[in-house]
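FYI, side chains are in, hydrogens and waters are out, and symmetry mates aren't considered; it's all heavy atoms of this structure. To find a chain, count down the sequence lines: A is the first, B the second, and so on, and within it residues start at 1.
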Amino acid sequence: MVRNKTLKDFEEVIRKCVKCGVCQAHCPPYLVKKREGAVARGKIALAAAVLDGETGIEKRLQEDISLCLMCGSCVKKCPNKVPTDGIIGAMRREITDRNGLPVMAKLLAGTIGSARMKNTLSKGAAFLRPLWSRKIPQSSGLHLRFGLPGMENRTVPEPAFSNLFDRVPEFSEGQPGRPVVGFFAGCSITYIYPEIGEMMVDILVRMGCSVFLPKNQGCCGIPALSSGHGKLVEELADNNIEVFAGKKVDWIVTACGSCNGGIGEYYRTLEGADRSFTDKVVDFSVFLEKEGFLEKLLEQKRTADPVKVTYHDPCHLKTQGITREPRDLLRALPYVDFVEMEDADACCGLGGTFSLYHYDVSKAVGARKLRGLEESGAEYVATTCPGCVMQLQDTINHAGLKVRAVHILELLLRMAPD
Amino acid sequence: MDITAVVKRLEAIVGADNVSAAKSDRITHSYDATQQKHLPDVVVYAASVNEVAQVVQLANEVEMPVLPRGAGSGFTGGSLPVYGGIVLVLSRMDRILDIDTENLTAEVEPGVVTATLQREVERLGLFYPPDPASKEFCTLGGNVAECAGGPRCVKYGVTRDYILGLEVVTPTGDIITTGGKTLKNVAGYDLTRLFVGSEGTLGIVTKIIVKLLPKPAAKKTMLVLFKTIDGAARSVSAIIGAKIIPTTLEFLDGATIDCIRGKSSIDLPENCRAALIVEVDGDEDLLDRQMARIREIIEPSGTLAVKVAATDDESEQIWQVRRIVSPSLKQISPDKFNEDIVVPRSKVPDMIRELEKISSEYGVSIVNFGHAGDGNIHVNIMVDLKEEGMKEKVEIVLDRVFGAAVALRGSISGEHGIGTAKMNYLHMELDAATIDYMRRIKTALDPKNILNPGKIFLEKSSGESA
Ligand SMILES: Cc1cc2nc3c(=O)[nH]c(=O)nc-3n(C[C@H](O)[C@H](O)[C@H](O)COP(=O)(O)OP(=O)(O)OC[C@H]3O[C@@H](n4cnc5c(N)ncnc54)[C@H](O)[C@@H]3O)c2cc1C
Ligand code: SF4
Ligand code: SF4
């Protein structure tokens, strides 16, 4: 049984903030709102004030605490490595513990099937896109991210006709002596982009790996974490850790930056989480490089007129320092002319359930990518997180640019010569 | 007038969304980088000069202090409401209004972040030199108010040297303009210079016209390790003596190097007791010759190693050494007093010797680094305030440090300002008549002591209006 850290558990690191203000340069909501309450420093001051009993959980405080993408950008640049993303998670749980779930999350809690909220389920579900609620199970974080009203302008892809579990067997046998790889697919890949998941399994098998795709794996928990639903995070984590224990795997590969941050980085912070699970979590780009996939790509003849592709850093990989491997993968693709863009590592604006509560801020955060995208001259912006793909495409659509947002594996699939 | 009535009237000026007297907003506007804490009564976000003027007029009417605030990155408490009042945040006034490539000027609102302006002008081949270490988040309004400096000041000067003109809301709520768009301008008093460095006590800057330079074609960075601090100091004098003005001349003393050893990709051996980072900029072909010349000059001063960066990456590695200093200091002691004294640059060795003496005399560790090229030394007194009698000891040590700087004809602050943090020491540097002259300016312009009270000068019990 795992347990989220409480606000109290963070007390010591909260006091480590020296109020230097460095985080202002890196916090996406602050760069849009330009208000101290939106930046890491401000939110930490509020967390400290709550701990000290200087203030209660008043409305304005809740608004400020809701203004966080949990992207971790501030943590990476903070001279004292104050884990604001984790602190915000704890603050949101503190708020829901004291006040109950906020209205939006209440509807959502219904969709996730918490007993207390069963009654809201039917009402909540009525708002959901019909196709979404039919195709995507109630336990999926996708509902938390995209499934609510008030976002009519958002362009969200429809779920795929059949999901990944229907397309790929639970176990694909590889060559003896080669690694056994668990594949944590995550909600987006399972239900919206199953072809990315198929591609992933296909590549892994072709490299001789055996692939284990447990069908009862669930949501990584990032959307629940982001909405302060601590109990749900714990339930999801317990389940995921358990189902992967069903087979002896050497690695647990993800092809979604958020899921990687969730089942790897976040689970690591849970009290009682099994390190033998979290230590195996690896992003596909890192794994492919380690297994010599790049060399194979580089052996291929380069095409005469390659397409220009640039790369967007998903926050959850950037903060773990995974920035080179996906780029090297793109560079190795024989039909890709890789170009860097300005602000490649700026957040797309999705941030768990952030865009649900703050669609305008989320859009403004996303819009900060446009200049770099346009000036790069790229036809495709590739990334390693389906959430970013959706958010980037939404931003691009609103701006009327011609660029297409894709997952790196989609590029492999779409453009592979055979 | 009670606060709800003031809030109502403020809302009428800037809109309800831009005023808050909620506890959480008061908390998030109660600090800056000094970690002192003073709660304001109300927080206001201004969007235009007219709004600023009306807020100040209202404040005069109800006699409430107004505290201009940029990014709150100040090191001396300048933006803090020591008597409560209205914190007036200018971060949302962040438009670059004009970049004039013919006259090499730019016109900006005060909330523009320094590095943002730098990036935008550099896209056009231009250059705004002042580069405080906080440039990625501090505002130009704050830079003007504190006359911010940075490593590049050796060659290019400080904020003051780049401000051509200002639009200012006076402490009584009038809107005035100073200077203009021209390099030459002697119409009337030089009010621009009066406002630069006035720490938000004489007016609120709402527009800034800055001077730009052509962007230097290239730069080269060198790291030199020395066996003694004297060797490093002699090198600085020798470089300047040879009539070479590098872009930057940063030094780290032995204690600083001990703090960062093993944390950078560059090896810093045990017997390295000082280091210099030298950077030159200009035309590419000139740089190699300049670097060679500098090597020649410093080699006799007992260098351990000289590393000239061949690539941008290597140059980045060298700067990394400098950048990890501040965060690393935290690890030697729980409390740190960071002072930014300045002495004439030829006196840097004397000052360092004096600091070593003070350190051993009082048994507290003092870590020094900073801008050797302009004599600006960041003196860090590392202590644990929980130790008995330490607070009093620190006070004596600070007294000695400032005293030594002033005795060498230096100043108690090179770039961070006085604010609340150094009020007690101002008299060590300025005589009574000079302080009185400054006070008379303040009183004449701000009769009700509305604008940023309780800063720079020890209060004579006026201004406790809130
Ligand atoms: C990590 C770090 C590194 C730093 N490095 C340097 C450095 O290398 N060199 C250096 O000089 N400083 C440095 N500083 C100090 C600080 O960044 C500068 O003093 C900066 O100019 C403050 O800008 P700000 O926008 O944060 O102003 P604030 O802190 O918000 O305010 C500072 C003062 O300016 C006044 N003010 C702000 N805006 C206006 C306005 N529009 N009109 C009138 N008054 C105004 C305020 O009332 C206050 O008195 C550093 C600070 C940090 C935290
Ligand atoms: S960068 Fe870190 S220490 Fe500095 S203000 Fe932000 S959270 Fe605090
Ligand atoms: S996690 Fe991201 S959004 Fe949240 S405070 Fe840090 S930088 Fe800002």
Side-chain angles (χ1 to χ4, degrees), chain A residues 12-13 15-27 30-67 73-74 77-82 91 95 342-343 360 368 371-372 375, chain B residues 17-18 20-37 39 43 45 47 69-75 79-80 87 89-94 111-116 119-120 123 133-139 142 323-331 334-336 338:
Chain A
E12 202 186 319
V13 285
R15 311 280 181 209
K16 285 229 164 84
C17 170
V18 293
K19 308 232 162 37
C20 62
V22 167
C23 41
Q24 291 178 96
H26 309 284
C27 175
Y30 176 78
L31 291 171
V32 169
K33 300 282 281 189
K34 287 291 177 96
R35 293 183 182 222
E36 184 72 25
V39 79
R41 178 174 69 171
K43 287 178 273 212
I44 291 167
L46 293 177
V50 168
L51 277 172
D52 292 341
E54 187 187 353
T55 174
I57 307 278
E58 56 170 52
K59 182 164 154 283
R60 277 286 304 121
L61 182 140
Q62 291 189 41
E63 278 165 24
D64 283 344
I65 296 303
S66 77
L67 270 174
S73 304
C74 53
K77 297 292 166 105
C78 169
N80 302 312
K81 296 279 163 284
V82 178
M91 275 292 272
I95 292 170
E342 207 175 306
D343 298 321
D360 284 346
R368 298 174 61 83
R371 175 151 117 179
E375 287 181 359
Chain B
D17 279 353
N18 296 311
S20 176
K23 190 65 182 276
S24 62
D25 287 299
R26 295 170 60 210
I27 291 170
T28 54
H29 293 83
S30 65
Y31 52 75
D32 66 1
T34 55
Q35 304 193 63
Q36 307 170 54
K37 181 166 174 176
L39 288 183
V43 179
Y45 286 90
R69 180 181 172 100
S73 73
F75 265 150
S79 63
L80 302 185
V87 163
V89 191
L90 299 152
S91 55
R92 284 175 66 233
M93 289 178 68
D94 65 348
V112 172
V113 168
T114 312
T116 307
R119 272 193 283 273
E120 291 304 316
R123 289 168 91 92
S134 48
K135 67 182 177 193
E136 292 293 339
F137 48 97
C138 66
T139 68
R323 271 198 295 266
I324 56 176
V325 170
S326 256
S328 307
L329 290 185
K330 276 202 77 79
Q331 286 146 25
D335 303 293
K336 167 177 106 171
N338 165 9

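- The part of B:L39 that comes within reach of chain A is its side chain, from C-beta onward, which places non-hydrogen atoms under 4.5 angstrom from that chain.
- Contacts between B:S20 and chain A at a heavy-atom distance below 4.5 Å involve the side chain alone, from C-beta outward.
- Both the backbone and the side chain of A:V22 come within less than 4.5 Å of a heavy atom in chain B.
- Between the side chain of B:S91 and the backbone N or O of A:K34 there is at least one donor-acceptor pair closer than 3.5 Å.
- For B:D17, the salt bridge (charged side-chain N to carboxylate O under 4.0 Å, His left out) criterion is met by no residue, not counting sequence neighbours.
- For a residue to count as touching a neighbouring chain, one of its non-hydrogen atoms must lie under 4.5 Å from one of that chain's; by this rule B:D32 touches chain A with the backbone only.
- Among all heavy-atom pairs drawn from A:C20 and B:A33, the shortest one is CA-CB, 4.1 Å.
- Residue B:R323 does not touch chain A at all, counting heavy-atom pairs closer than 4.5 Å.
- Chain A forms the most heavy-atom pairs under 4.5 Å with one residue out of B:Q35, B:E136, B:H29, and that residue is B:Q35.
- B:R123 meets the salt bridge (charged side-chain N to carboxylate O under 4.0 Å, His left out) test with A:E342, A:E375; sequence neighbours excluded.
- Listed by chain and number, the residues in a salt bridge (charged side-chain N to carboxylate O under 4.0 Å, His left out) with B:R92 amount to none (sequence neighbours excluded).
- Of the listed residues (A:C17, A:A45, A:C23), the one with the most heavy-atom contacts under 4.5 Å to chain B is A:A45.
- Of all residues in residues 53-61 of chain A, those placing a non-hydrogen atom less than 4.5 angstrom from a non-hydrogen atom of chain B are A:E54, A:T55, A:E58, A:R60, A:L61.
- In this structure, NZ in A:K33 is found 9.5 Å from OH in B:Y45, a value given to the nearest 0.5 Å.
- A pairwise comparison of heavy atoms in B:F137 and A:A25 identifies CB-N, 4.1 Å as the closest pair.
- Between chain B and the options A:R41, A:K16, A:H26, the largest number of non-hydrogen pairs under 4.5 Å is found for A:R41.
- Taken from CD1 in A:I44 to OG1 in B:T28, the straight-line distance is 12.5 Å, to the nearest 0.5 Å.
- Of the two parts of B:V43, neither the backbone nor the side chain holds a non-hydrogen atom closer than 4.5 Å to a non-hydrogen atom of chain A.
- Residue A:C78: no heavy atom, backbone or side chain, is found under 4.5 Å from chain B.
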- prompt: Run the side chain to side chain contact (heavy atoms under 4.5 Å, CB included) check on A:R35 and B:N18 step by step: do they pass?
  reply: CA-CA 10 Å; A:R35 293 183 182 222; B:N18 296 311; 2.5 Å; yes
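- The NZ atom of A:K19 sits 7.5 Å away from atom OG of B:S30, with the distance rounded to the nearest 0.5 Å.
- Other residues, nucleotides and ligands contribute at most 12 non-hydrogen atoms within 6.0 Å of the NZ atom of A:K77.
- Here the shortest heavy-atom pairing between A:D64 and B:S24 reads OD2-OG, 4.4 Å.
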